[in-house]
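First the structure, in the form of structure tokens, and then the observations on it.
Note that the structure is predicted; figures quoted are calculated from it, not measured.
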Amino acid sequence: MSEFSLRFVFRGFFFSLVPFPACKDLVATARDRKLNTFVQISVVHPAEQTLTRYSSTEIVEGTRDPLFLTGVTFPPEYPIYEETKIKLTVYDLLFLFAGMGLKMKRLKLQELMMMSSFLSLFPLGDLVKSKEQQLTLTLRTSDGGKTVGTIDVSFVKMGEIEKGEVDHITTDVQGQKCALVCECTAPEGISGKDSLPLLNAVLKNPICKLYRFPTSDNKWLHIREQMSESTLSFHVPKELINLNIKEDMRRNQDLKELGELAPHWDNMRKNVIAHCEQMLNMYQDTLADLGKHTGSSFKSSCSKGEKTLEFVPINLHLQRMHVHSPRLKDALYDVITVGAPAAHYQGFKNGGLRKLLSKFEAERRNTGYQCIYYSPENTAKAKEVLSNINHLQPLISSHADQLLNSASLHSTDSLKNSLKMLSEKTELFVHAFKDQLVRSALLALYTARPGCVLKKPTIPRNSVEGCGDQQGQDHPAQIKRQNSIPHHSEYDEEEWDRVWTNVGKSLNCIIAMVDRLLEKDNSSSGIKESENDPSSADRMVSHTSGDWYEQLYPLIITLKDCMGEVVTRAKQSMTFVLLQELACGLPQRLMLTLRRDIVFSQALAGLVCGFIIKLHTSLRDQGFLQQLHTVGLIVQYEGLLSTYSEEIGMLEDMAVGISDLQKVTFKIIEAKSNDFLPVITGRREHYVIEVKLPAKMFELLPQEIKEGKQLHVYPVLFNVGINEQQTLAERFGDTTLQESVNQENFELLKEYYKLFTEKMPPDCLPHFQEQNDLKGLLENLHQNIQAKKRKNVEIMWVAATICRKLNGIRFTCCKSAKDRTSMSVTLEQCSILRDEHQLHKDFFIRALDCMRSRQTQGALNESDDPETGCLTDNKPTSRHFYPVALLLVSSHLLVVWLILSLALLLAKYQ
């Protein structure tokens, strides 16, 4: 993850430059009045001589000598030179009112009521070249007359780096200009040049803020806070929809190839195919609409109800805090913020996925008179069998051809390796059909054929003869192929066992033949060595090679024939199971599948973003890499949804979507081109995310990961409603949904911790040395979940601490990833500074106000505002800077407010 700050080339070194202003001896407009000041930073570009308002500090109240804790930074593409002039305007707010900092973004500064201003102007080069890298400037009134005080501006070095780590340097030799450039902090040992392409592929449009806060021992903490959008907001949904389209097209084709069915089942199939084709067209239209999307790389909250964007997560951002401490090692704290994964366009009138799926499954059990009921476990098994067929059949055919090729070349080593690969894949293939479901589905399919007649089981016939009787034969016994599933004949229920076991027996014959050929080859090697006539030896080798190929060829053909027969039968039977699943509850089944795909798409986009960022920041941590491939990663979601009204449905959607992430695994591969965007493969029940790394970063991985080992994630969700609607839910509603979600996910967290302690050495991770603390935290979390306490935010704090100690990925979610999310993230950041970096206790509230203050963002361009175009006059701006008043209203005051509001409404309409 790139971190951005100013840097200037001076005396051969590259410094991170962070200006922090401080004023002295400001003159008030009235005697004995305390000043309420902030500094507006503007940039005068040397070429155009235009003035651009850039940023602002926080408001410091009640002093004539304000010390501002907020610094200024510029993105790497911003044109800053030595000749660039910085204008500092100090504003004195004569009256403060609630929400002042929020309104200033939306008003021109000149229009703010009751304000006086003082200003100063200086070239940036003067500040950088000064001995102390600090300037004391005189402040004058706006008319340039009266002196009203001074302002100190200083550059603070965030750390010295090597010349090789600079991303780019823009210079103009003739004009002696040297551009300020961007610092890219990469993991130790990896240059920014190596890691930058990966980050640029995933993140864009960073917004950076800088602070300095005092510690308890009177030192300064320097904080760089950065928020970045993610290109994966649209990339992952498009990849996922494309996979769903291919999967649905295969299913529709399999339904069409199911063969002749009785009229009842045939009409059912036609109805299912018609609905599936309609749903397929909907997916294709959505993919086309996403392909046409231009502009912002994330979906704002005002677009959450748009149909064309329903697969896209809301406000997906990375929130990073980089802490530079004078005594401790620099630290990074990342939180992915995203709106709760939910199907907003479809609405929540009937609840969310958790409720809808449970209700649908109960209703489906009562539709047996129309179709055959298969449990969700059986339908999932059917999909798994079909997936194994599509995956293993081409692999077995390929390995069989390689075996024949090795035989024709008379290559002993190649023959052994090819046989080993063929054996492994064939055994997996045979094992996939050792399930009663296939047998029962074949019988059900037979009964659905026109004119079926059942027959009692008979003694197995027409199976492959034992290979032991062939040891002395040059040609194996021929295997009689069975016809496809009979239509107008008697059905032998044991026939399937003979068919699929023939595959294993065919493999055994091939293994026996290869062993015999290798044994003969070894016994004849002495004779070949004694031959002095080269032409005679050549004739013998040629004859032996021909023998190998000729003897293996009929066995390979038999294996392929047996496998083809198994595939035909199994594919049709499993497709018949899926037909029953789709037919029971049309069109509700397809609509539920669509809703689940939508929610999962939103959840997956955030997960992929979080995984890539975590991998990048921890690439040099050997303990983390061992944990990654040995155990997997915990992914902790902090939910802030209430259990009231529509947010109940959102929480039900979110719980299912996050649970579905358990079927996702990651695989890290080396990038072969400049395209670093992840690739998604698999099907709805199992997705594999291929993450691409540059060659130098890929070399740092353990061998297990390099060889393609799939990496698992363990998502858990803990939700605590904190807004005024949760007060209503706790007073007059029901909170059992939240309680059950928290309890279920606590059990999952406990299972992960148990797995972690069993497989990881105690000294592997830096945080794991606090093993007793982790046990205590888990017990504390369990007690808080059981406590039934209203708005128990302790659950969130403890769960977040456990996640960080376990090297996990942190998410914070609310309805739109705005108000509640920003309050939680900023509170968490300040708590970390206090607990881990000794933030002075007297500055905790002020640090919190700085991070939450929209004023510190200054005059951002509209394109920099994550919610541009979504604001109304009565709605605060988005992301991290919101008032927390509503969150602090007591339940008693809220009840009084509701009664008064009702009285006013009645009076108004009387």
Side-chain angles (χ1 to χ4, degrees), residues 319 333 335-338 340-341 354 634-644 647-648 650-652 654-659 661 714-731 733-754 767 770 773-806 808-815 817 819-832 834-836 884 886-888 890-891:
Q319 175 73 16
Y333 299 93
V335 178
I336 306 297
T337 60
V338 63
R354 188 179 172 106
I634 193 75
V635 183
Q636 186 250 326
Y637 288 81
E638 176 184 296
L640 304 172
L641 295 171
S642 67
T643 53
Y644 183 82
E647 292 197 10
I648 297 178
M650 296 177 201
L651 180 56
E652 290 175 339
M654 184 180 180
V656 173
I658 291 174
S659 176
L661 293 177
Y714 298 83
V716 293
L717 165 66
F718 295 98
N719 187 84
V720 177
I722 59 174
N723 64 354
E724 68 280 8
Q725 289 187 337
Q726 185 63 22
T727 302
L728 292 175
E730 291 173 345
R731 286 279 182 180
D734 186 10
T735 61
T736 54
L737 173 62
Q738 175 176 285
E739 293 166 3
S740 60
V741 167
N742 289 343
Q743 184 58 44
E744 290 167 10
N745 284 272
F746 174 75
E747 297 300 326
L748 294 175
L749 181 60
K750 265 204 324 185
E751 290 178 12
Y752 176 83
Y753 175 73
K754 180 180 179 182
H767 292 304
E770 308 167 11
D773 292 342
L774 276 172
K775 290 180 180 178
L777 287 170
L778 280 169
E779 182 61 31
N780 187 6
L781 179 61
H782 183 249
Q783 291 174 358
N784 278 283
I785 290 174
Q786 297 293 324
K788 312 289 185 183
K789 180 182 176 182
R790 293 176 179 175
K791 295 186 180 180
N792 191 0
V793 293
E794 189 73 19
I795 293 174
M796 299 186 300
W797 294 338
V798 176
T801 303
I802 293 173
C803 176
R804 285 194 297 269
K805 288 183 178 293
L806 289 174
I809 305 172
R810 282 270 297 117
F811 284 80
T812 298
C813 312
C814 66
K815 180 179 179 179
D819 302 46
R820 284 169 278 180
T821 296
S822 61
M823 292 299 101
S824 176
V825 169
T826 50
L827 179 60
E828 179 182 354
Q829 289 180 166
C830 288
S831 299
I832 290 172
R834 178 193 61 196
D835 300 337
E836 304 291 339
V884 74
L886 287 178
L887 306 183
L888 302 179
S890 72
S891 57

>> Using the salt bridge (Lys or Arg N to Asp or Glu O under 4.0 Å) criterion, which residues pair with Glu751? Sequence neighbours excluded.
In response: none
> Who passes side chain to side chain contact (heavy atoms under 4.5 Å, CB included) against Val720, sequence neighbours left out?
Replying inline: Ile722, Ile795, Met796
> What residues form a ring pair (Phe, Tyr, Trp, His ring centres under 6.0 Å) with Phe811, not counting sequence neighbours?
Replying inline: Tyr637
> Going through the distances and angles, do Thr727 and Lys791 end up as a side-chain contact (heavy atoms from CB on, under 4.5 Å)?
Replying inline: CA-CA 8 Å; Thr727 302; Lys791 295 186 180 180; 2.7 Å; yes
> Which atom names give the shortest non-hydrogen contact between Ile658 and Pro715, and what distance separates them?
Replying inline: O-CG, 3.3 Å
> Step by step, would you call Arg731 with Arg790 a side-chain contact (heavy atoms from CB on, under 4.5 Å)?
Replying inline: CA-CA 10 Å; Arg731 286 279 182 180; Arg790 293 176 179 175; 3.5 Å; yes
> What are the two closest heavy atoms between Ser822 and Thr826, and how far apart are they?
Replying inline: O-OG1, 2.7 Å
> Which residues pass the side-chain hydrogen bond (donor to acceptor under 3.5 Å, both in side chains) test with Thr801, sequence neighbours left out?
Replying inline: none
>> If the condition is side-chain hydrogen bond (donor to acceptor under 3.5 Å, both in side chains), which residues does Lys754 pass it with, not counting sequence neighbours?
In response: none
> Which atoms form the tightest heavy-atom contact between Asn723 and Ser642, and what is the distance?
Replying inline: OD1-CB, 3.4 Å
> Stepwise, does the side-chain contact (heavy atoms from CB on, under 4.5 Å) test hold for Leu778 with Leu774?
Replying inline: CA-CA 6 Å; Leu778 280 169; Leu774 276 172; 5.5 Å; no
> Who are the side chain to side chain contact (heavy atoms under 4.5 Å, CB included) partners of Glu744, not counting sequence neighbours?
Replying inline: Arg354, Ser740
> Are Val741 and Phe718 side-chain neighbours, meaning at least one heavy-atom pair lies under 4.5 Å?
Replying inline: no
> Hey, does Leu651 have a side-chain heavy atom less than 4.5 Å from the side chain of Leu737?
Replying inline: yes
>> If the condition is side chain to side chain contact (heavy atoms under 4.5 Å, CB included), which residues does Asp734 pass it with, not counting sequence neighbours?
In response: Thr736
>> Working to the nearest 0.5 angstrom, can you tell me the gap between Lys815 NZ and Arg820 CZ?
In response: 7.5 Å
> Taking only residues two or more places apart in sequence, or in another chain, which ones meet Glu828 in a salt bridge (Lys or Arg N to Asp or Glu O under 4.0 Å)?
Replying inline: Arg804, Arg810
> Who pairs with Glu747 by side chain to side chain contact (heavy atoms under 4.5 Å, CB included), at least two apart in sequence or on another chain?
Replying inline: Gln743, Lys750
>> Would you say that Leu728 contacts Gln726 through its side chain, given a criterion of any heavy-atom pair below 4.5 Å between the two side chains?
In response: no
> Residues in side-chain hydrogen bond (donor to acceptor under 3.5 Å, both in side chains) with Tyr752, at least two apart?
Replying inline: Gln627
> Can Gln738 and Thr643 be counted as having a side-chain donor-acceptor contact under 3.5 angstrom?
Replying inline: no
> Who passes side-chain hydrogen bond (donor to acceptor under 3.5 Å, both in side chains) against Tyr714, sequence neighbours left out?
Replying inline: none
> Rounded to the nearest 0.5 Å, what separation is found between the SG atom of Cys813 and the CG atom of Leu641?
Replying inline: 8.0 Å
